[in-house]
Every structure is written in structure tokens, then in C-alpha cells.
Amino acid sequence: MKLKLKKYREQLEDWPQKGHHIMAQYDEEKIIVYQSYKKRIGDFAVKNQYFGGDFSLERMTWIKPNFLWMMYRNGWGTKEGQECVLAVHLKKEAFRKYLKNSVYSSYNEKLGISREEWQDQIKESSVRLQWDPDHDPFGNKLERRAIQIGLRGDFIKFFAKDDVILIEDISDFVKEQYQFVLNDDLDNLIIPAEKPLLFEDENLNKKLKIQ
């Protein structure tokens, strides 16, 4: 695997405990996002290094840069149809572009626009932005919020091929680490190394509530 790994307990000491944070593994060029699929879709993506075959370009696909949020969502790869866990090495600039073009998936007065304006934006936008409670390895809710991004239209087409640097199948790694969770042994749990992501674009940070 190309992922950088670190003990969960060690990372926990440095992570923010509340607020909106894009917790992710990234560098200047790329960011890692996670998805889970049935084996047929995952195998095609890893073999061909793009999403095709039974992968639908017509349905919205959701990407998650936070490993533990993905583990909460897919039950550590045990949920039906989510057994193949993928780490997608994505162009960081593409990820930033998704967020710049995103619209919040639900309306809130704090958005600073009317519900009608938000509804118009929803109709026009092909990127959804959502903040959900983050979760610990056992699936317990945290005060910190985790981000997920939904893509459709042209954005899903770019994500499926042009925006990808590398696609890794990390299913075996997930299964191995899940055993530590099942045994209540978080001292030995190892997960991808993550830290909060901030952009140089202050307007984007403000939009995302991460400044």
C-alpha cells in the first residue's frame, strides 16, 4: 500500500475534538479519499486504474477523505455491497475544484441565502457538500464533524478517470485492523495518518466552515 500509516492512539492526541475539519491524508499534489463497492466494481477499478464497468456515471457517488468515517459507513467492510474498500489517490486540485463548486445538501439559514436561492443552486450544481458527525473506531458519534462530497454529471466523469492518480484495494488491511476493534485493542490499531486540511483560499475555508 502507498498509504502512510500511524497508530490510532498517537494520532488521537493531535486531532481536534470538535468543530468542522477535513481530516485527511494529503500532500501538495494529492489527497486520499475512500469508497466502498461490491467486489466486481472494486476489482475493475484497481485493475484498470479508473472507474468503469458496472460503476454508474448516472448516479451520484460520494467520496470521504476521513478513513474512520468510511469505516463507520461500511461497517469496516462488512456491509453487503461494500466489501471492497478503495483508497483513491486523487489530484488535490480536483478535490479543491469539487468543493469550490459544491452546494450544501440541506438548507440552513446560516448559509446566508434564501431557501429559494439554495434550491436554484441545488438544481444547477453537480456537487453536494455534507457535514456529518465523525465517529470513533467503534462507531460512536463524536463532536467533531466529518465531510463527504457527492459528485454527479461532468464531475463524476472527471473523478472516474482524469482526476485519479492511483486506486488501491485496502480491503485486507481493513479486515486486519477491524480485529483490533473487535478485541477492544485500540492500542494496536493502525490507520492512515491524517491531519486537518486548510486551503490557502480563505473564501473557500469560510464556505466550508473550516477557517
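Keep in mind that the numbers below use all heavy atoms, side chains included, and drop hydrogens, waters and symmetry copies.
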Decide yes or no on side-chain contact (heavy atoms from CB on, under 4.5 Å) for Lys7 and Asn188, but give the supporting numbers first.
-> CA-CA 7 Å; Lys7 283 197 170 183; Asn188 285 306; 4.0 Å; yes
Quickly, which of Leu90, Ile147, Val88 forms a side-chain contact (heavy atoms from CB on, under 4.5 Å) with Ile63? Name it, please.
->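 Checked Leu90, Ile147, Val88 against Ile63; only one passes side-chain contact (heavy atoms from CB on, under 4.5 Å): Leu90.
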Give, for atom [atom1] of [X] and atom [atom2] of [Y], the distance between the pair rounded to the nearest 0.5 Å.
| X | Y | atom1 | atom2 | answer |
| --- | --- | --- | --- | --- |
| Ile210 | His20 | CD1 | NE2 | 10.5 Å |
| Leu5 | Leu189 | CG | CG | 10.5 Å |
| Glu200 | Leu198 | CD | CG | 10.5 Å |

Which atom pair, heavy atoms only, marks the closest approach of Ile31 to Pro65?
->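 For Ile31 versus Pro65, the nearest heavy atoms are CD1-CB, 4.4 Å.
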Nearest heavy atoms of Ile167 and Leu86, plus distance in Å |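 Heavy atoms only, the tightest pair is CG2-CD1, 4.1 Å.
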Treat each ILVMFWY residue as a node, draw an edge where side-chain heavy atoms are under 4.5 Å apart, and state whether [X] and [Y] are in one component.
| X | Y | result |
| --- | --- | --- |
| Ile191 | Tyr178 | yes |
| Trp62 | Leu208 | no |
| Phe44 | Val46 | no |
| Tyr34 | Trp131 | no |

Which residue pairs pass the side chain to side chain donor-acceptor pair (under 3.5 Å) test with at least one member in residues 149-161, sequence neighbours excluded?
->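 Side chain to side chain donor-acceptor pair (under 3.5 Å) check on residues 149-161 returns no pairs.
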Return each pair, listed once, that meets side chain to side chain donor-acceptor pair (under 3.5 Å) where at least one residue sits in residues 78-94; pairs must be two or more places apart or across chains.
->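 Side chain to side chain donor-acceptor pair (under 3.5 Å) check on residues 78-94 returns His89-Glu168, Glu93-Arg96.
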Could you please spell out the steps behind the ring-ring contact (aromatic ring centres under 6.0 Å, His included) verdict for Tyr50 and Phe55?
-> CA-CA 10 Å; Tyr50 71 89; Phe55 178 83; 9.7 Å; no
Yes or no on side-chain contact (heavy atoms from CB on, under 4.5 Å) for Val181 and Phe138, after CA distance, side-chain angles and deciding distance?
-> CA-CA 7 Å; Val181 177; Phe138 299 115; 3.6 Å; yes
May I ask you to say whether Lys97 pairs ionically with Asp163, meaning some side-chain N is under 4.0 Å from a carboxylate O?
->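 Salt bridge between Lys97 and Asp163, a charged N being under 4.0 Å from a carboxylate O: no.
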Pair Asp27 + Lys30, salt bridge at N-O below 4.0 Å =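 Salt bridge: yes.
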Other residues, nucleotides, ligands: >12 heavy atoms within 6.0 Å of [X] [atom1]:
| X | atom1 | value |
| --- | --- | --- |
| Tyr26 | OH | yes |
| Tyr72 | OH | no |
| Gln49 | CD | yes |
| Arg144 | CZ | yes |

Side-chain heavy-atom pair [X], [Y] within 4.5 angstrom cut-off:
| X | Y | result |
| --- | --- | --- |
| Phe67 | Val85 | no |
| Leu68 | His135 | no |
| Asp136 | Leu12 | no |

Stepwise side-chain contact (heavy atoms from CB on, under 4.5 Å) check, Leu99 with Ile22 = CA-CA 11 Å; Leu99 293 172; Ile22 301 177; 4.1 Å; yes
Can you list the other members of the hydrophobic cluster that holds Leu142, where links are side-chain heavy atoms under 4.5 angstrom apart?
->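 Result for Leu142 is none, singleton.
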Go through the steps to decide whether Phe95 and Phe199 satisfy the test side-chain contact (heavy atoms from CB on, under 4.5 Å), and finish with yes or no.
-> CA-CA 11 Å; Phe95 185 76; Phe199 295 97; 4.2 Å; yes
